[in-house]
Amino acid sequence: MLFAAPLMMMLAATPQSGDAVGAGRKAYSECLSKEVGPALDKKLTLGDFQSTLKSKCSAKEAAFRAAIVADDKSTGMSDKDAQADADDQIAEYVDKITSEFEDYSKPGG
């Protein structure tokens, strides 16, 4: 799957030592990545693709979010800041996969 390569490179750059954040990150990014091919095959619109991501990957997103928040709070971060960090990290993955989807949706992509 060539289209998932950039997202997989993001994964490789993060620690995967079996910790909850690493495991959550891997599971979430894999869920997002595996939705690109079927969405392209179905010629989904961007909005439909984003809806599919939300419905198919919501449980993995929630687990990833919980792991980030718990880890951040264990280092003394406030709940508000930990939630903001989780929002930022999740948005980064969604933005990346959405960008890939848009690139591959273009004629000749």
Step by step, would you call E30 with K34 a side chain to side chain contact (heavy atoms under 4.5 Å, CB included)?
CA-CA 6 Å; E30 286 175 350; K34 79 175 192 174; over 6 Å; no

Contact summary for [X] and [Y], nearest pair of heavy atoms:
X   : Y    : value
Q89 : F64  : OE1-CZ, 3.8 Å
A39 : F101 : CB-CE1, 3.6 Å
F49 : E35  : CE1-O, 3.7 Å
T75 : D72  : OG1-O, 2.7 Å
C31 : K56  : SG-O, 3.6 Å
K54 : S58  : O-CB, 3.0 Å

Rounded to the nearest 0.5 Å, what's the gap from [atom1] on [X] to [atom2] on [Y]? Could you check?
X    : Y   : atom1 : atom2 : result
T52  : K42 : OG1   : NZ    : 6.5 Å
I90  : S29 : CD1   : OG    : 12.0 Å
D103 : T98 : CG    : OG1   : 11.0 Å

Determine whether a donor-acceptor pair (N or O, by modelled atom type, separation under 3.5 Å) exists between the side chain of S99 and the backbone of K96.
no

Mind checking whether I97 and V36 have side chains closer than 4.5 Å, heavy atoms only?
yes

Is it true that Y28 and V69 fall in one hydrophobic cluster, defined by side-chain heavy atoms closer than 4.5 Å?
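Hydrophobic grouping puts Y28 apart from V69.
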
L40-V94 co-clustered via ILVMFWY side chain contacts under 4.5 Å:
yes

Go through it in stages, so that I can follow the logic: the residues are I68 and D85, the test is side chain to side chain contact (heavy atoms under 4.5 Å, CB included), and I'd like the CA-CA distance, side-chain angles, deciding distance and then a yes or no.
CA-CA 8 Å; I68 293 167; D85 181 37; 3.6 Å; yes

Just checking, any donor-acceptor pair under 3.5 angstrom between side chains of R25 and Y93?
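Distance-only check passes for R25 and Y93.
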
For the residue pair D87 / Q83, report whether a side-chain donor-acceptor contact shorter than 3.5 Å exists.
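Checked: Q83/D87 side chains show no N/O donor-acceptor pair below 3.5 Å.
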
Excluding sequence neighbours, so at least two apart, what forms side-chain hydrogen bond (donor to acceptor under 3.5 Å, both in side chains) with K73?
D79

